4 protein chains.
Amino acid sequence: MTVLTLDPESKTPIYLQIVQEMKTLVMTGKLHPHEQIPSVRKTAKSLAVNPNTVQKAYAALEREGILYSVTGKGDFVADNAARIKEMRKQEIREMFQRVTREARDSGLWIDEIFSIVDEAYSGR
Amino acid sequence: MTVLTLDPESKTPIYLQIVQEMKTLVMTGKLHPHEQIPSVRKTAKSLAVNPNTVQKAYAALEREGILYSVTGKGDFVADNAARIKEMRKQEIREMFQRVTREARDSGLWIDEIFSIVDEAYSGR
Amino acid sequence: MTVLTLDPESKTPIYLQIVQEMKTLVMTGKLHPHEQIPSVRKTAKSLAVNPNTVQKAYAALEREGILYSVTGKGDFVADNAARIKEMRKQEIREMFQRVTREARDSGLWIDEIFSIVDEAYSGR
Amino acid sequence: MTVLTLDPESKTPIYLQIVQEMKTLVMTGKLHPHEQIPSVRKTAKSLAVNPNTVQKAYAALEREGILYSVTGKGDFVADNAARIKEMRKQEIREMFQRVTREARDSGLWIDEIFSIVDEAYSGR
DNA sequence: GTGGTCTAGACCACC
DNA sequence: GTGGTCTAGACCACT
């Protein structure tokens, strides 16, 4: 499986970093439906992170229907890419709403915002 | 002076909400250079919040050069709106960069993003 | 009398700003022994400052022997320039001690300090 | 880790004393990049001071890029000693500028200042 | 009255 | 265990 990468200095909690990376791996097809993912302990070891943290991430992913777990066998990627993509899109919509509103309230015109987004999308 | 409003539901800390509202008040010209702003205690009372919390917000604003404080007299709006507007724009640019990159990594096309932004900008 | 100038944004209290300016006026001979200085109220008005603040400054100056007051007539410059200069020198010595020690503890060499002082002395 | 010491007599606030001591510890290489520093509570206890006070100091240090904090794990020394040393030097330069200008305005010659600095640097 | 610092004690999310 | 936020109440110097 593709390797996850964490930023220990980031302010977003580690378990959320894991959740987000897993989501994009699934959405972008780098993880396939019904594929088995590494165990909590394996992931924890490979990320040099507390197993509880990984456990928390997996639980969240399961709650959202992105993983399903088979007792005694392990965790697997669920088969509902469409729903997931829609969910993710909703999340992103909300993020954009927050930040766009802030920008507008600070007096930026929509053209300025478009240009910033454009630059961010192509750049880097 | 224009009244501040808090969102008790929000996950962003109270003191940061105050900071952000003040910033936009200054940036949008609703607060003028050298204008005195309500005292720590007054603001605390009117927001039904502890004075220490307001103090923390005001201290942050002073650090960023948006306010200056005169002990015994009060806090005043600093005289560098231009610089501040540029700073704020930079902040917003960074927020958009983060979220735009996430969106792109999740497979959204730039047209989808533009439409989301457009909706958020005009909508409520 | 030469006019005092205050920096309202400065962190050193106004009454101390007055004290310090008066001292240097006396030391540098811009105020002469037995010369009368403006009354508390006059100074307060000309500085747009609370009379209590000026009163506090004058009291401090009197305590240090830089002024003497004649009841019913006003305040006058004392006649002990030598002593004052020595006092002031002592104050400055202490300030330099504090900051020099800090610099040394931060790993600066004395040559670096000399060069900084030199630059500050000649430069504006 | 090296122990911090407070001067209860000093007029500079406790949290600032902590900030300054930490800075010089980092600058002088007594604290290494990515080294974990004692927790807020531990430091508070060892200094016989309220945790909030230490928290305030650590927050300031993080703001200045000297520490980074990882919730749930602790605080760590940041990895930019060079930048910090330069910043500190700038601070010191400004302090010398202030006090040197005062000294000059009080009529001291640069030789007198040099001798004072020299004495302070070697002495004590 | 003002801002600024400090204490004591609590709660939260995270690891 | 960790850092971060918040409250309540106190004290100080300055205006």
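Predicted model only: the values in this text are computed from it and were never measured. Lettering of chains follows the sequences in order, A, B, ..., and the numbering in each one begins at 1.
Sequence neighbours left out, not one pair with a member in residues 45-55 of chain D passes salt bridge (charged side-chain N to carboxylate O under 4.0 Å, His left out). Residue pairs meeting the ring-ring contact (aromatic ring centres under 6.0 Å, His included) criterion with at least one member in residues 77-100 of chain B: none, sequence neighbours excluded. Sorted by first and then second residue, the ring-ring contact (aromatic ring centres under 6.0 Å, His included) pairs involving residues 37-72 of chain B (not counting sequence neighbours) are B/His34-B/Tyr68, B/Tyr68-B/Phe76. For residues 13-23 of chain B, the side-chain hydrogen bond (donor to acceptor under 3.5 Å, both in side chains) pairs, not counting sequence neighbours, are B/Lys23-B/Glu64, B/Lys23-B/Glu91.
Closest-nucleotide positions on DNA chain E for D/Gly72 and B/Lys73 were compared, and the one nearer the 5' end corresponds to B/Lys73. Of the residues near DNA chain F, D/Gly74 and B/Thr71, the one whose nearest nucleotide (by heavy atom distance) lies more toward the 5' end is D/Gly74.
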Report task. Please test A/Ile66 against A/Met22 for side-chain contact (heavy atoms from CB on, under 4.5 Å), starting from the C-alpha separation and ending with a verdict. Result -> CA-CA 9 Å; A/Ile66 284 148; A/Met22 287 296 256; 5.7 Å; no
Query raised in the report: Between C/Thr28 and D/Ser106, does a side-chain contact (heavy atoms from CB on, under 4.5 Å) hold up when you go through it step by step?
Result: CA-CA 7 Å; C/Thr28 57; D/Ser106 297; 5.9 Å; no
Query raised in the report: side-chain contact (heavy atoms from CB on, under 4.5 Å) between D/Val70 and A/Glu9: does it pass, once the steps are laid out?
Result: CA-CA 7 Å; D/Val70 184; A/Glu9 304 202 17; over 6 Å; no
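Near DNA chain F, defined here as any heavy-atom distance below 4.0 Å, the residues from residues 5-16 of chain B are B/Pro13, B/Ile14, B/Tyr15, listed numerically. The stretch residues 56-64 of chain D comes close to DNA chain F through D/Glu62, each having a heavy atom under 4.0 Å from the strand. Residues from residues 39-54 of chain C with heavy atoms under 4.0 angstrom of DNA chain F, sorted by number: C/Thr53.
Between B/Arg88 and A/Glu102, at least one side-chain N (NZ, or NE/NH1/NH2) sits under 4.0 Å from a carboxylate O, which counts as a salt bridge.
Taking B/Lys73 as the reference, nothing meets the salt bridge (charged side-chain N to carboxylate O under 4.0 Å, His left out) condition, with sequence neighbours excluded. With sequence neighbours left out, the salt bridge (charged side-chain N to carboxylate O under 4.0 Å, His left out) criterion links B/Lys11 to no other residue. For C/Ser69, the side-chain hydrogen bond (donor to acceptor under 3.5 Å, both in side chains) partners two or more places apart in sequence, or in a different chain, are C/Glu62.
Note that the first and last nucleotides of DNA chain E, 5' to 3', having any atom under 4.0 angstrom from a heavy atom of chain A are E/dC14 to E/dC15.
Between the CG atom in D/Leu61 and the CD1 atom in D/Ile18 there is a gap of 9.0 Å [rounded to 0.5 Å]. Atom CG of D/Leu25 sits about 10.0 Å away from atom CD1 of D/Ile37, to the nearest 0.5 Å.
Remark: the backbone N or O of A/Gln97 is not paired with any side-chain donor or acceptor of A/Thr100 at under 3.5 angstrom. Using a distance-only test at 3.5 Å, with no hydrogens or angles considered, no donor-acceptor pair links the side chain of B/Thr53 to the main chain of B/Val49.
Helical stems of DNA chain E (runs of at least 3 Watson-Crick or G-U pairs, donor-acceptor distances under 3.5 Å) are listed by first residue: E:1-14 with F:1-14.
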